[in-house]
Amino acid sequence: MTASVDFPTRVLWVVRRIPTGRVSTYGDVAAMAGRPRAARAVGNIMRKCQRADVPCHRVIAAGGRLGGYGGREAAKRAMLAAEGIVVSRNTVREFRRVRWRGARSSAR
DNA sequence: TGGTTGACGGTGG
DNA sequence: TCCACCGCCAACC
(Lines give C-alpha, C1' and ligand atoms only; values in the text may rest on other atoms or scores of the structure.)
Protein backbone atom coordinates (compact mmCIF):
# COMPACT_ATOMS: atom_id res chain seq x y z
CA MET A 1 0.00 0.00 0.00
CA THR A 2 1.15 3.47 -0.89
CA ALA A 3 4.37 1.91 -2.01
CA SER A 4 4.64 4.72 -4.52
CA VAL A 5 5.84 7.02 -1.75
CA ASP A 6 9.41 6.91 -0.49
CA PHE A 7 10.16 6.47 3.17
CA PRO A 8 11.67 9.96 3.67
CA THR A 9 8.63 11.45 1.98
CA ARG A 10 6.34 9.60 4.33
CA VAL A 11 8.35 10.78 7.32
CA LEU A 12 8.04 14.42 6.27
CA TRP A 13 4.39 13.80 5.62
CA VAL A 14 3.75 12.45 9.09
CA VAL A 15 5.79 15.15 10.83
CA ARG A 16 3.94 17.82 8.88
CA ARG A 17 0.71 16.41 10.29
CA ILE A 18 1.80 17.02 13.87
CA PRO A 19 -0.57 19.72 15.20
CA THR A 20 0.68 22.66 17.21
CA GLY A 21 1.03 21.93 20.88
CA ARG A 22 1.60 18.28 20.16
CA VAL A 23 4.80 16.28 19.90
CA SER A 24 5.88 12.85 18.72
CA THR A 25 8.92 10.65 18.98
CA TYR A 26 11.22 9.46 16.21
CA GLY A 27 10.04 5.93 16.82
CA ASP A 28 6.40 6.90 16.53
CA VAL A 29 7.00 8.88 13.35
CA ALA A 30 8.95 5.97 11.92
CA ALA A 31 6.11 3.63 12.82
CA MET A 32 3.58 5.87 11.09
CA ALA A 33 5.89 6.05 8.10
CA GLY A 34 5.79 2.29 7.94
CA ARG A 35 9.10 1.43 9.63
CA PRO A 36 8.71 1.15 13.44
CA ARG A 37 12.39 0.28 13.70
CA ALA A 38 13.66 3.10 11.53
CA ALA A 39 13.77 5.73 14.23
CA ARG A 40 17.42 6.26 13.44
CA ALA A 41 16.73 6.73 9.79
CA VAL A 42 14.04 9.26 10.68
CA GLY A 43 16.58 11.33 12.58
CA ASN A 44 18.83 11.20 9.54
CA ILE A 45 16.08 12.42 7.27
CA MET A 46 15.11 15.22 9.62
CA ARG A 47 18.67 16.39 9.83
CA LYS A 48 18.89 16.71 6.09
CA CYS A 49 15.35 17.84 5.41
CA GLN A 50 15.08 20.86 7.68
CA ARG A 51 12.13 22.64 6.12
CA ALA A 52 9.71 25.24 7.41
CA ASP A 53 6.93 22.94 6.24
CA VAL A 54 8.16 20.28 8.62
CA PRO A 55 7.97 21.06 12.35
CA CYS A 56 10.99 18.93 13.08
CA HIS A 57 11.21 20.56 16.50
CA ARG A 58 8.03 18.71 17.44
CA VAL A 59 9.81 15.43 16.98
CA ILE A 60 11.66 14.37 20.10
CA ALA A 61 13.43 11.25 21.26
CA ALA A 62 11.91 8.77 23.65
CA GLY A 63 12.71 8.77 27.35
CA GLY A 64 11.99 12.51 27.57
CA ARG A 65 15.09 13.43 25.60
CA LEU A 66 15.10 16.00 22.83
CA GLY A 67 17.62 14.03 20.87
CA GLY A 68 19.31 16.76 18.91
CA TYR A 69 18.74 19.74 16.67
CA GLY A 70 21.96 20.54 14.90
CA GLY A 71 23.41 21.09 18.35
CA ARG A 72 20.63 23.51 19.27
CA GLU A 73 18.69 21.41 21.72
CA ALA A 74 18.09 24.53 23.81
CA ALA A 75 16.42 26.25 20.86
CA LYS A 76 14.32 23.19 20.18
CA ARG A 77 13.22 23.02 23.78
CA ALA A 78 12.44 26.74 23.74
CA MET A 79 10.22 26.34 20.68
CA LEU A 80 8.32 23.52 22.31
CA ALA A 81 7.98 25.59 25.48
CA ALA A 82 6.55 28.41 23.38
CA GLU A 83 3.84 25.98 22.31
CA GLY A 84 3.18 25.06 25.90
CA ILE A 85 5.08 21.80 25.79
CA VAL A 86 7.50 20.80 28.50
CA VAL A 87 9.61 17.89 27.41
CA SER A 88 9.84 15.25 30.09
CA ARG A 89 9.55 11.51 30.50
CA ASN A 90 5.92 12.09 31.30
CA THR A 91 5.46 14.22 28.17
CA VAL A 92 6.36 11.39 25.85
CA ARG A 93 4.15 9.02 27.77
CA GLU A 94 1.20 11.39 27.62
CA PHE A 95 1.39 12.16 23.93
CA ARG A 96 2.15 8.56 23.09
CA ARG A 97 -1.07 7.56 24.75
CA VAL A 98 -3.30 9.83 22.71
CA ARG A 99 -1.05 10.51 19.72
CA TRP A 100 -2.92 12.82 17.35
CA ARG A 101 -6.43 11.48 17.76
CA GLY A 102 -7.15 10.00 14.37
CA ALA A 103 -4.33 11.64 12.48
CA ARG A 104 -3.07 8.14 12.00
CA SER A 105 -5.98 7.34 9.72
CA SER A 106 -5.11 10.22 7.42
CA ALA A 107 -1.42 9.36 7.51
CA ARG A 108 -2.14 5.99 6.03
C1' DT B 1 29.51 -2.57 -3.84
C1' DG B 2 30.83 -2.14 0.87
C1' DG B 3 31.64 0.17 5.21
C1' DT B 4 30.70 3.96 8.40
C1' DT B 5 27.83 7.40 10.39
C1' DG B 6 23.81 9.22 12.90
C1' DA B 7 18.74 14.45 15.44
C1' DC B 8 17.19 6.59 18.11
C1' DG B 9 15.04 2.76 21.14
C1' DG B 10 15.19 -0.50 24.51
C1' DT B 11 17.47 -3.34 28.01
C1' DG B 12 21.07 -4.31 31.37
C1' DG B 13 24.50 -3.04 34.87
C1' DT C 1 18.95 7.62 38.15
C1' DC C 2 22.76 7.55 34.80
C1' DC C 3 25.99 5.18 31.54
C1' DA C 4 27.02 1.62 28.16
C1' DC C 5 26.00 -1.98 24.64
C1' DC C 6 23.32 -3.98 20.94
C1' DG C 7 19.98 -3.79 17.30
C1' DC C 8 17.54 -1.44 12.99
C1' DC C 9 17.30 1.51 8.94
C1' DA C 10 18.55 4.93 5.52
C1' DA C 11 21.99 8.17 3.58
C1' DC C 12 26.74 9.33 2.46
C1' DC C 13 31.69 8.44 1.21
Side-chain angles (χ1 to χ4, degrees):
Chain A
M1 52 172 88
T2 59
S4 45
V5 183
D6 296 310
F7 177 67
T9 304
R10 281 198 194 181
V11 172
L12 299 176
W13 192 19
V14 173
V15 175
R16 223 163 37 185
R17 261 153 191 76
I18 303 177
T20 308
R22 192 86 40 164
V23 295
S24 187
T25 64
Y26 294 96
D28 282 354
V29 173
M32 297 215 208
R35 291 286 190 266
R37 318 252 157 152
R40 239 166 155 172
V42 171
N44 256 351
I45 296 164
M46 305 305 267
R47 178 155 84 96
K48 202 193 163 198
C49 297
Q50 294 176 5
R51 290 182 67 160
D53 305 56
V54 183
C56 43
H57 64 274
R58 287 183 199 149
V59 184
I60 60 176
R65 274 197 251 260
L66 288 175
Y69 198 67
R72 294 160 219 258
E73 294 184 25
K76 184 175 182 178
R77 191 163 188 148
M79 277 198 274
L80 294 172
E83 294 184 6
I85 303 171
V86 181
V87 181
S88 329
R89 277 76 60 190
N90 188 35
T91 306
V92 177
R93 208 161 84 176
E94 280 260 319
F95 285 106
R96 259 193 165 180
R97 185 173 181 135
V98 297
R99 295 208 175 177
W100 314 329
R101 298 253 185 159
R104 200 159 164 235
S105 303
S106 298
R108 292 180 68 185

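Only this structure's heavy atoms are used, side chains among them; waters, hydrogens and symmetry mates stay out. Letters A, B, ... mirror the listed sequences (proteins, then strands); counts begin at 1. The model shown is predicted, which means the values in this text are computed figures rather than measured ones.
- Counting non-hydrogen atoms under 4.0 angstrom, Gly68(A) reaches a base of the nucleic acid.
- Looking at every heavy atom in both residues, Ala38(A) comes nearest to Ala30(A) through C-CB, 3.7 Å.
- You'll find that the side chain of Arg96(A) is closest to dG10(B), out of dG10(B), dC8(B), dC9(C).
- To the nearest angstrom, P of dG10(B) lies 13 Å from CZ of Arg93(A).
- Nucleotide dC8(B) holds its P atom 10 Å from the CG atom of Leu66(A), rounded to whole Å.
- Atom CG of Asp28(A) is separated from atom P of dC8(C) by 19 Å (rounded to the nearest Å).
- Val42(A) and Tyr26(A) get closest at one heavy-atom pair: CG1-CD2, 3.8 Å.
- The heavy-atom pair separating Met46(A) from Val15(A) by the smallest distance is CE-CG2, 3.4 Å.
- Arg77(A) comes within 4.0 angstrom of nothing in the nucleic acid, heavy atoms only.
- Counting to the nearest Å, the C1' atom of dG6(B) and the CE atom of Met46(A) are 14 Å from each other.
- Atoms CG (Asn44(A)) and P (dT4(B)) sit 16 Å apart, rounded to a whole Å.
- OP1 or OP2 of dC12(C) sits under 4.0 Å from a side-chain N or O of Lys48(A).
- Residue-to-nucleotide contacts include no donor-acceptor pair under 3.5 Å from the side chain of Tyr69(A) to the base of dA7(B).
- Among the protein residues, Pro36(A) comes within range of no part of the nucleic acid, since none of its heavy atoms lies under 4.0 Å from any strand.
- Atom CZ of Arg58(A) is surrounded by more than 12 heavy atoms from other residues, nucleotides or ligands within 6.0 Å.
- Here the P atom of nucleotide dC8(C) and the CZ atom of Arg37(A) are 8 Å apart, to the nearest Å.
- Leu80(A) has its side chain within reach of Ile60(A): a pair of non-hydrogen atoms, C-beta onward, lies under 4.5 Å apart.
- Nucleotide dC8(B) holds its P atom 18 Å from the CE atom of Met32(A), rounded to whole Å.
- When each of Ile45(A) and Arg40(A) is assigned the nucleotide of DNA chain C with its nearest heavy atom, Arg40(A) is the one assigned upstream, toward the 5' end.
- For the pair Ala61(A) and Ala41(A), both in contact range of DNA chain B, the more 5′-proximal nearest nucleotide belongs to Ala41(A).
- Between Gln50(A) atom CD and dA11(C) atom P the separation is 16 Å, expressed in whole Å.
- Among the atoms of the strands shown, only primed sugar atoms or phosphate atoms (P, OP1, OP2) are found under 4.0 Å from some heavy atom of Ala39(A).
- Between Pro8(A) and Arg65(A), it is Arg65(A) whose nearest contact on DNA chain C lies nearer the 5' terminus.
- A close approach under 4.0 Å does occur between a side-chain nitrogen or oxygen of Arg47(A) and OP1 or OP2 of dA7(B).
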